[in-house]
Amino acid sequence: VNPDLQKERDNCTFNVTELTNLIDGGPQKTEERKKREEMVFKEGIHIDEVPSDYLSHKEKYELAVKKACMLFKMMRRLQEEENAGMENYMALLGGNLGSAILGDGSPLTLHYVMFIPTLMGQATVEQQAYWIGRAFNLSIIGTYAQTELGHGTFIRGLETTATYDAATKQFVLHSPTLTAYKWWPGGLAHTANYCVVMAQLYTQGKCHGIHPFIVQLRDEETHMPLPGIKVGEIGAKLGMNGTNNGFLGFDNVRIPREHMLMKNSKVLEDGTYVNAPSSKLTYGTMMFVRVMLVHDVCNYMAKAVTIATRYSAVRRQSQLRPNEPEPQILEYVTQQHKLLIGISSVHAFRLCAAWLWDMYNNVTAELETGDLERLPELHALSCCLKAITTSDAAACVERCRLSCGGHGYMLSSNLPLTYGLVTAACTYEGENTVMLLQTARYLVKAWRTAAHALPPTVSYVGLARTGRRS
Amino acid sequence: PPWDNSLQGIISGFHTLAAGKIGLCVSQIEKRQASGMSYEDAWNMTSVQLTAASEAHCRAIILSSYYTETEKMSRGVSAPLRLVLTQLVELYVVYWALQCLGDLLRFTSISERNIEELQNWYEDLLVKLRPNAVGLVDAFDIRDEILRSALGAYDGRAYERLMEEAMKSPLNKEPVNESFHKYLKPFMQGKL
């Protein structure tokens, strides 16, 4: 170990393991995590013959698919050996472990993070029985397509149509224009063979707004795109080049009526539309992903500050005082300012994410009983927290890169790649300005109704208004 | 209310700031509507302020939840760790107060003297936390295989690892690249 780094460790005033346990949620959780990591790295899937930085775009994708499959195979084996729940090993594919193996993103991420959760949240019990087992086994690979080339977060503006044909009991999916092409979903390009598609539902001549449909994209045997399906990759991006983001267009593609996810709204055989108790229920998947995102950015920030802080203990530069040797750059207060705020931000976001996760679970449990009262509050919170944590995290990673000087610019520092992953989160699942405006809508409403009791997170608005009046 | 330069006081200041910004947005929208603008146009014209109000609301939420959750969490930990966790919360709260000085001056009764105290508080915290910087990141307990960084490995062999990684460049596989013979040499010898 570098002597400067060792000296830092010797001078630490608290028990590092105690803090690790606290972050993990207890010594047992730390042990479980370490055991899981040990098992994964023992397999050697993370070791690259050639650094992936020097591979072509196509080779990077092929490597990402290979590793994702090896990871899944290992996960299934461990699950059988240990008789452990799937959720234990889902952790392997997301978070730190997943990104360790699949450095620039995985083409299977959306299968686990959005396709399966959407089936769980939006499919009927019968639909879940049919689809979820196949999805868990990776007999089918799915993704989730909402955003269109010409339409982003404003989902009411989506153009893809799903028109019900009562004569054949089928929906006809169609992309009327180029701007209606689905654009962005991870895994869509060459990996997934099924997809949850958000489309405007038309039945009995009337539009009922956007609804989710499960659509087969590729033949299960040959993997060739099915007739009427126009699918491909969107091209190289700033980061996340292993995620295989794709585009998708429909030319009057027919799917059975049962392929509409009907947990909330339904279309009966004769074409009658049965409304959902609340149109807001379709926002469930997006809220779930935003809550998960806050967790994810904590991991990226923790990585970045770990790299920059250790480097700052090793690196020596300039002269702080005359006739003294070059000090560790950690001695400079400007460097401490860059690093320590990053460290405290990780803790702030981690605790905030845990708090938001509890609230998400409480509100979704209330939803099951038909109580929608706190849904707007959760929606507003998840929007602004997603926006602020991702933008702060991107700024933090960039600050860490700058704090490592030219060495931070090297891909081998892993800071540029981490920046690519974090800054992507500012855009996906709702661009940040749009997210902040959604929260603003809720806040303005809260201000106007401040005479009535307000939910806990905006109760201060009521107090402020009362104070202003007095 | 008078400014209170404590953690709770700063957090309360952020709530006042957020409420002030929301209130201002509402009155701006109403003024614009009163001057004949549609609600939608008034909203659009106010949207820069609206995003700032949202951000202020979010900052207040993060600061207050970080503070209260750390208070709860710290009860069961050793005194040295509790001290460090408290210093981290203080650092975060004071940092954001200093970042949002303009807004705090506008919406609360913070004074020049309070600001000077905050600046000194922040710099003192940096000095206090500095000896624990490496310990704090070690506590994230991120394995080298996960970190995948030449600069951040646990053993601190940053320079050796940078060199090892440099040697993996395909250009270093041969001493002379074929582009020299194909392009540079004829050019350099005036044969082009």
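Below, chains carry the letters A, B, ... as their sequence lines are ordered, and counting in each starts from 1.
Comparing B/Leu88, B/Asn132, B/Thr68 by how many heavy-atom pairs each has under 4.5 Å with chain A, the most go to B/Asn132. Considering only heavy-atom pairs separated by less than 4.5 Å from chain B, the leading option among A/Thr439, A/Ile341, A/Ile343 is A/Ile341. Taking chain A as the reference chain and counting heavy-atom pairs below 4.5 Å, the highest number among B/Arg143, B/Arg157, B/Glu165 is found for B/Arg143.
The parts of A/Arg441 that come within reach of chain B are both its backbone and its side chain, each placing non-hydrogen atoms under 4.5 angstrom from that chain. Using a 4.5 Å cut-off between heavy atoms, A/Leu417 makes no contact with chain B at all. Of the atoms belonging to A/Ile23, it is side-chain heavy atoms, and not backbone ones, that fall under 4.5 Å from chain B. Both the backbone and the side chain of A/Glu38 come within contact range of chain B, each with at least one heavy atom under 4.5 Å from a heavy atom of that chain. Both the backbone and the side chain of A/Ala348 have a heavy atom closer than 4.5 Å to some heavy atom of chain B. In this structure, chain B has no heavy atom under 4.5 Å from any part of A/Asp24. For A/Val346, the part lying under 4.5 angstrom from a heavy atom of chain B is the side chain only. Neither the backbone nor the side chain of A/Leu411 has a heavy atom closer than 4.5 Å to any heavy atom of chain B. For A/Tyr442, no part sits under 4.5 Å from any heavy atom of chain B, backbone or side chain. For A/Asp10, no part sits under 4.5 Å from any heavy atom of chain B, backbone or side chain.
For the residue pair A/His337 and B/Tyr95, no side-chain donor N or O sits within less than 3.5 Å of a side-chain acceptor on the partner. A/Asp392 and A/Thr389 share no donor-acceptor pair across their side chains, judged by distance under 3.5 Å alone. With no hydrogens or angles considered, a side-chain donor-acceptor pair links A/Gln335 and A/Ser312 at under 3.5 Å. For the residue pair B/Tyr159 and A/Arg315, a side-chain donor N or O sits within less than 3.5 Å of a side-chain acceptor on the partner. A/Asn21 and A/Lys29 share no donor-acceptor pair across their side chains, judged by distance under 3.5 Å alone.
Taking the six-membered ring for Trp, A/His347 and B/Tyr66 have ring centres at least 6.0 Å apart.
Ion pairing between B/Glu69 and A/Arg350 fails under the 4.0 Å rule for side-chain N and carboxylate O. Salt bridge present: B/Asp141 and A/Lys34 bring a charged side-chain N and a carboxylate O closer than 4.0 Å.
Considering NZ of A/Lys338 and SG of A/Cys404, their distance stands at 9.5 Å, rounded to 0.5 Å.
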